[in-house]
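In what follows, a structure is listed as structure tokens, so that the remarks can point back to it.
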4 protein chains.
Amino acid sequence: MAKVVDESKLLRIKEASIELVVQKGYGGASISAIAHQAGVAVGYLYRFYDSKYALVSDLLDDKIKNIAGQLEAMMPKCSTILQLITLLVNYFFELALHQPHHMRFIYTLINDYRFSISIDQHQRIHSLCRQLLHIGKETREIAPTYTEEEIYLMTVIYPVQFINVRFKALFCTQVLSETDKERVVSLCMGALKGASL
Amino acid sequence: MAKVVDESKLLRIKEASIELVVQKGYGGASISAIAHQAGVAVGYLYRFYDSKYALVSDLLDDKIKNIAGQLEAMMPKCSTILQLITLLVNYFFELALHQPHHMRFIYTLINDYRFSISIDQHQRIHSLCRQLLHIGKETREIAPTYTEEEIYLMTVIYPVQFINVRFKALFCTQVLSETDKERVVSLCMGALKGASL
Amino acid sequence: MAKVVDESKLLRIKEASIELVVQKGYGGASISAIAHQAGVAVGYLYRFYDSKYALVSDLLDDKIKNIAGQLEAMMPKCSTILQLITLLVNYFFELALHQPHHMRFIYTLINDYRFSISIDQHQRIHSLCRQLLHIGKETREIAPTYTEEEIYLMTVIYPVQFINVRFKALFCTQVLSETDKERVVSLCMGALKGASL
Amino acid sequence: MAKVVDESKLLRIKEASIELVVQKGYGGASISAIAHQAGVAVGYLYRFYDSKYALVSDLLDDKIKNIAGQLEAMMPKCSTILQLITLLVNYFFELALHQPHHMRFIYTLINDYRFSISIDQHQRIHSLCRQLLHIGKETREIAPTYTEEEIYLMTVIYPVQFINVRFKALFCTQVLSETDKERVVSLCMGALKGASL
DNA sequence: TATGAATGAGACTTCATTCAT
DNA sequence: CATGAATGAAGTCTCATTCAT
């Protein structure tokens, strides 16, 4: 019973943290603002996390875990890179649609020097990229010169950057559409296939 | 009679700022640390910049100006996207080689919610992307479905992200090589050409 | 469960602020000195006031409110200016006797360009002066040429200045006495009655 | 020749100081702003004054000297308090009209704990008040109970406060007129004559 | 268990003063 | 003489963290 209450409070803390980090940046999201928005006491927060850094770090790790988990779950269902990328891009677009804060959260922190992907998650992603590369080279969807780096950049970084360039409305103020999704998939596929110079 | 502003001091302030922002992030790079590293008094910084934000903002703007300037200078010399992307990627690699801090600086701040590209620079970049798109569609190097967004993402964001994934040694600990450069160009070209789904 | 704001601390902050502003002036009374003297942490002050200015401003407003409140309370009890001025001068002398710092505080800030009486308090005082003027002209205690300005200057400014000239011991080092009080009342009455030139 | 240049520069420094202290207060009037407005270098200022405090202190002393000088010059020409007060109030009104900054300057600093009238000037003023008191008691224009304190408060402080209440437009937005001057003189005379309680 | 009052280190910024030119 | 670049102490304010209740 008490557990249920706790879980809901923890969830509110997580949501409030993500929202405020997105709105005000890591430095601007104060613990007291987070606690206030979550409807808990400041001290309560420290029952779960040792520090503000640990809190945000943990949330980022969660998000990365989800992405890796998605890829891992998709892997056995797909036999081509196209299928996999389609599913993954779909996942990112769904995230952007239903939890835009979470998408911005990833985008905000993924390049921040202070936060880095944990070794565990990094290894999972590394392994996934290796598998993708292996499949892609078999199916000739990925040019032989490319490595895990390109897989990572095109399947994770590119969709995230695309979505956030759109969020920022740098070039286009339209909301994300099915066509955009297709364009992202198409560009990824073209990219990995390589150019016939 | 009147003393002249010591240009070398200003330069040292700029270098120290870039270095520390890269190492510790915007929030972590304190004015006193910057002044100390630059070998000037804290107050001296404020002769040139109204605030810490203005200082970092101005430095970022400089970097963006350089990139836009490079592209603008290259444009008249090239008739194909391949040539242009080759030159641009070359520019980014040179920057990464000779001024790695500056490259990391761009990477660190380009996605930071607190800093945004000034309207002037944004318009320049927008216009450049439009021209690139126009040329590319003429030469059939760019798929007809793509827009300025994709140009920007693949010619600016992708090279920057590639270099920084390498800096972080996420997948590969080798230093940037000529081969890497070719791989970046090749991937860009393939990406913009589009996939024949 | 929830801790209660320690009223005594707030009181100490107020007292320390008044004392230090009096001793060192607004600029000279640093927040850290005030906090130290009040025996609280620097940051604690900011739980109650947004800024140093807001703190001092609020204290001044309080004092002005008290004076206006005194006058308002006295008004219905008196039918002559003499009675009113006697009570008011008495109030100022009591303040000077029991809370000399507070009296000096008013004196220090009342002419400071940075601080001004709030509109609310100004209107109260204006209205009070108008009433006094009305009564005084009925009872012929105030010369017909005088206006609210003279009322204000003689009933508020003069007693405050008298007390503070004494505090400064410019001409006399005696402590304030009953005779002084009578002299102030007498001078005010004479002043407002006007001279038969 | 060189002396002339210096004198004009010094004058400009003095004027700029008074103007800026009036506009921004002592703390807000920075040395560099004063130097800029005076059209001299910051360092030049320190040839004449040891510190910012010494500068402002000296200017205040000048103003007080002028007032004392005026009174001293008037004294032999007058045989009644009325004549003296008329001349003195006239002097204050002329100052307010032609050099309002200077009048505000006196007003701003006269109550400031940091600045006090120098012993020399204080003694001059004390002596003048004594003489005035003596004359007034002879001519029966000043009530026998009053002392130098009342003389000082009514002949110096009151006119200054009157003018500044008007400057602040607390009760009246009219500019100072001949009638106002008469009212001030009349009130002073009435005040010093005392009330027949 | 849960609270939030209280802390204080440390951030940014200002500006009186100095001194090499 | 005159300048103004350079200094750095000191000020205000913030906020992650603690701990008595």
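Below, all heavy atoms of this structure are taken into account, side chains as well, without hydrogens, waters or symmetry copies. Note on naming: letters A, B, ... go to the chains in the order of the sequence lines (proteins, then strands), and numbering restarts at 1 for each one.
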Legend entry - Residues D:Lys52, D:Tyr46; criterion side chain to side chain donor-acceptor pair (under 3.5 Å); working and verdict: CA-CA 9 Å; D:Lys52 179 182 171 182; D:Tyr46 282 85; over 6 Å; no

Inset, instruction - Looking only at non-hydrogen atoms, find the nearest pair between D:Ile31 and D:Val42 and report the distance. - result: CG2-CG1, 3.8 Å

Legend entry - D:Tyr46 side-chain N/O to E:dT17 phosphate OP1/OP2 under 4.0 Å: yes

Inset, instruction - Give a yes or no on whether the ring-centroid distance for A:Phe48 and A:Tyr44 is below 6.0 angstrom. - result: yes

Legend entry - Result of checking C:Gln99, C:Gln37, C:His102 against C:Glu15 for side-chain hydrogen bond (donor to acceptor under 3.5 Å, both in side chains): C:His102

Inset, instruction - Could you summarise the pairing of DNA chain F as dot-bracket text, marking Watson-Crick and G-U pairs under 3.5 Å with ( ) or [ ] inside the strand and | across strands? - result: .||||||||||||||||||||

Inset, instruction - For the side chain of A:Tyr44, starting at C-beta, report the closest nucleotide among E:dT3, E:dT17, F:dG4. - result: E:dT3

Legend entry - Parallel, tilted or perpendicular, as decided by the 30° and 60° cut-offs, for the rings of A:Tyr53 and A:Phe115: parallel

Legend entry - Atom-to-atom span, CG of C:Leu45 to P of E:dA9 - whole angstrom: 16 Å

Inset, instruction - Please figure out whether D:Ser51 or B:Tyr53 has its closest DNA chain E nucleotide nearer the 5' end. - result: B:Tyr53

Inset, instruction - Check each residue of residues 22-42 of chain B for a non-hydrogen atom within less than 4.0 Å of any atom in DNA chain E, then write out the ones that pass by number, or none. - result: B:Ala29, B:Ser30, B:Ile31, B:Val42

Inset, instruction - Side chain of A:Lys52 only, please: which of F:dT17, F:dA2, E:dT17 is the nearest? - result: F:dT17

Inset, instruction - Name all residues meeting the salt bridge (charged side-chain N to carboxylate O under 4.0 Å, His left out) criterion together with B:Asp58; count only those two or more places apart in sequence or in a different chain, and write none if there are none. - result: none

Inset, instruction - Inspect the surroundings of NZ in A:Lys24 and state if more than 12 heavy atoms from other residues, nucleotides or ligands are less than 6.0 Å away. - result: no

Inset, instruction - Decide if the gap between the ring center of C:Phe167 and the ring center of C:Tyr107 is smaller than 6.0 angstrom. - result: no

